[in-house]
Amino acid sequence: MLKSIVCSASKRSLHQSTTLQAVKKQHDVVVIGGGPGGYVAAIKAAQLGFNTACIEKRGSLGGTCLNVGCIPSKALLNNSHMFHQMKHDAKQRGIDVNGSVDINMGQFQKAKDTVVKQLTGGIEMLFKKNGVTYYKGLGSFEDAYNVKVSPVEGLKGSVAEDTILNAKNIIVATGSEVTPFPGIKIDEERIVSSTGALSLAEVPKKLAIIGGGIIGLEMGSVYARLGSEVTVIEFQPQIGATMDGEVASTTEKFLKKQGFSFKLGTKVLSAERNGDVVDIKAENVKSGKVESLQADVLLVAIGRRPYFNGLNAENLGLDIDQRGRLVIDSQFSTKFPHIKVIGDVTFGPMLAHKAEEEGIAAAEYIKSGHGHVNYANIPSVMYSHPEVAWVGKTEEQLKEASISYKVGKFPFMANSRAKSNLDTEGFVKILIDAETERLLGAHIVGPNAGEMIAEAGLALEYGASAEDIARVCHAHPTLSEAFKEANLAAFSKPINF
C-alpha cells in the first residue's frame, strides 16, 4: 500500500516562481547525498560525460558507511582481533610477548579515526579528478527540476548562501538512520546507537546489545575481545537475521565460545540510565517471564530506516511505501522519470555495495536507458572472527520455494592453509540445483570468508555449475581450496575430506 506526499497547486507554483528568480547553477545531473551510492553515482555520471554535482550535508563524503559504519567498525574489529591474538594466541604460535599486552583506548580510537579521515578525503580527490562539483550543504527540492543547497551552520566549507541548482536529472541517495527503540532514550554515552558504540572512551565491563543482527554482533565482537561481558537480547529465536539457519546456529556457537551470552526469543520492555549503569527489563516471549539486567553500556542495534528529512519531497508528491521507503520503478525512477532514487532510502538490503551498484546503474540509465543490478546476487558479510559470508539462496528459501537442491560442505579443519594458520573453525557450504547442478547459494563460516564470497558471486552471475567451479585450478595452499572442495562435494566427492 502506497501513500503520496502531496501539496497544493498554489504552493508548487510559488516554489517554481521562486526557483526561476534564484537559479544560480546549472547541471546535467545533481546527486543528493554523498554516501556510497551517491558519490559513486556522481563519479560514474561525470565519467559518462555529464556535468555533475553532488550535495552532502555531513561535511565529509562517504555517508554512514565511511564515517560511522562499515569502515570505522572494521578498523576496530581488525585491531581488537590483533590485540586478542597477541594476548591469547601468541604463545601457541611460538611468540613470546615480554610484558603485558594492554589496550590504549585513546590510540585505539585514533587509529580508527585516521583511516576514516583518509578515506573520506580520498573521495573529495576523486571528485576533483573526475570533475564532480561538490556542494557542502543541505539539499532540498524546490520543484521537480530545481534543488536548493542551504548552508549548514558550523560546517567548514559549507555554501555561504542558498544556492539553486537546476538539473536535467536528479538522483536521491540520502541513505538511512538508526531505527530508534520506542521508550529508550539514546544519549550516546551509556545508551548508545551503533554510532556511539564506535567511540566509547573506555571498555565497558558489561555490554548489553538489543538486536542479534550483523551490527550488534560485530560491535559485540570488538568489546568481547577487549574484555567486556557481552549479552545479546534478540526477539527472534535465532541470531543473524537473513543467514542460512545452519550458519546462524554455527555462528551462535562460536560466539558463545568467545564469551557471548544470548537471550533469544526475548523482548526488551524498558531500559533506563541510572547514573553510570543501565537498568534493563526483558520478557521471554514464550514463558512471559520478566527478568532484570544491568549493564555499563547498552547498544541499541535493531536496524536502520530510510532517511529523507529536509528533502522537501512533499513538494513533488513522491510515493512512499509502508516501510517508509521512496518508491521507484525498475530503472530507479520515481513518478518523475528524471528523478531517480538509490540506496538505503529505497527498497532492498541496506548495504553499501548494493547502493554502489545502483549508483552506477542509475547513471547508465540516464546515459543510455540501460543498466543492471542483480538483486539475487548481493553478498552479505559479518566481520567477526571467523568471518561469516553468504550470497544467493539459503536452505530455508529453497525449501519454501519447493526447489530440489543438493548440499556440498567442506570444513576448514581439512584445509592445509587454515591448518598452518592455526585458524580452522568453520566450513564452506554450497547449495546447487539437484538437476542442473547450477550454483544456487554459497555460505561460508571461516577465515577470509568475506573475500572468498566474491568467487561465489561471479559463479552465480554467470550461471556456473558446481563442476565448473571445481574444475578451475585453485592455488595451493590457499583457503580458497575449501571453496573448490565444497563444490566437489556438492556434485561428486571431495578429495581431501
Side-chain angles (χ1 to χ4, degrees), residues 1-2 212-214 234-252 264-265 303 321-323 325 327-332 344 346-351 353-355 357-358 361 371-382 388-410 426-446 449-450 452-470 482-494:
M1 180 178 180
L2 304 179
I214 290 178
E234 169 59 48
F235 182 78
Q236 298 298 328
Q238 73 172 32
I239 62 170
T242 59
M243 286 181 187
D244 176 89
E246 182 183 14
V247 170
S249 177
T250 300
T251 301
E252 182 185 339
L264 304 181
D321 70 15
Q322 54 198 6
R323 294 178 61 182
R325 304 173 299 189
V327 176
I328 56 176
D329 63 17
S330 61
Q331 295 190 11
F332 309 108
D344 289 2
T346 189
F347 81 98
M350 290 183 171
L351 296 169
H353 43 282
K354 173 259 194 187
E357 294 303 307
E358 290 178 333
H372 169 75
V373 177
N374 182 356
Y375 289 98
N377 192 5
I378 305 290
S380 294
V381 184
M382 187 175 90
V388 184
W390 65 98
V391 68
K393 300 297 185 183
T394 65
E395 279 203 71
E396 290 72 23
Q397 289 172 329
L398 293 175
K399 289 174 182 175
E400 185 177 349
S402 299
I403 296 173
S404 297
Y405 65 94
K406 294 193 290 186
V407 180
K409 286 179 64 177
F410 190 83
F427 55 82
V428 178
K429 177 180 179 178
I430 298 297
L431 304 175
I432 64 173
D433 186 280
E435 183 177 350
T436 66
E437 296 187 345
R438 182 174 177 172
L439 181 67
L440 299 175
H443 306 268
I444 308 173
V445 180
M452 202 181 307
I453 203 66
E455 182 176 358
L458 188 64
L460 275 174
E461 195 67 32
Y462 287 96
S465 70
E467 184 177 0
D468 292 331
I469 298 166
F483 188 81
K484 173 179 179 173
E485 291 270 15
N487 278 276
L488 266 171
F491 80 92
S492 180
K493 292 182 179 180

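Sequence positions, counted from 1, serve as the residue numbers for this chain.
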For residues E435 and S404, determine if any side-chain heavy atom of one lies less than 4.5 Å from a side-chain heavy atom of the other.
no

Closest approach of [X] to [Y] (non-hydrogen atoms, all atoms of both residues):
X: L488; Y: P494; result: CB-CA, 4.1 Å
X: M243; Y: T251; result: SD-OG1, 3.9 Å
X: A456; Y: L439; result: O-CD2, 3.7 Å
X: F332; Y: V373; result: CZ-CG2, 4.0 Å
X: L264; Y: Q238; result: CD1-CA, 4.1 Å
X: S465; Y: T436; result: CB-O, 4.4 Å

For F235, is the CZ atom crowded, meaning more than 12 foreign heavy atoms sit under 6.0 Å from it?
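No - once you tally the heavy atoms of other residues, nucleotides and ligands closer than 6.0 Å, there are 12 at most.
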
Is the NZ atom of K354 crowded by more than 12 outside heavy atoms at less than 6.0 Å?
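Counting other residues, nucleotides and ligands, NZ of K354 exceeds 12 neighbours.
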
Using only atom types and a distance under 3.5 Å, with no angle test, would you say the side chain of H443 pairs donor to acceptor with the backbone of K393?
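Yes, the answer is positive, given that a donor and an acceptor are paired below the 3.5 Å cut-off.
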
Side chain E252, main chain I239, donor-acceptor under 3.5 Å:
no

Enter the distance from [X]:[atom1] to [Y]:[atom2] here, rounded to the nearest 0.5 Å.
X: K429; Y: T250; atom1: NZ; atom2: OG1; result: 8.0 Å
X: S249; Y: D244; atom1: OG; atom2: CG; result: 10.0 Å
X: L351; Y: I214; atom1: CG; atom2: CD1; result: 7.0 Å
X: H372; Y: E461; atom1: NE2; atom2: CD; result: 4.0 Å
X: Y462; Y: N377; atom1: OH; atom2: CG; result: 11.0 Å
X: E437; Y: I469; atom1: CD; atom2: CD1; result: 11.0 Å

Passing candidate, side-chain contact (heavy atoms from CB on, under 4.5 Å) with I430, options F483, Y405, F410:
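For I430, the side-chain contact (heavy atoms from CB on, under 4.5 Å) check succeeds only for F483.
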
Pick from V247, L440, V407: which one makes a side-chain contact (heavy atoms from CB on, under 4.5 Å) with E395?
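Exactly one candidate clears the test, V407.
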
Short side-chain donor-acceptor distance under 3.5 Å, Y375 and E357:
no

Start with the C-alpha distance between E485 and V428, add both sets of side-chain angles, then the distance that settles side chain to side chain contact (heavy atoms under 4.5 Å, CB included), and finish with yes or no.
CA-CA 9 Å; E485 291 270 15; V428 178; over 6 Å; no

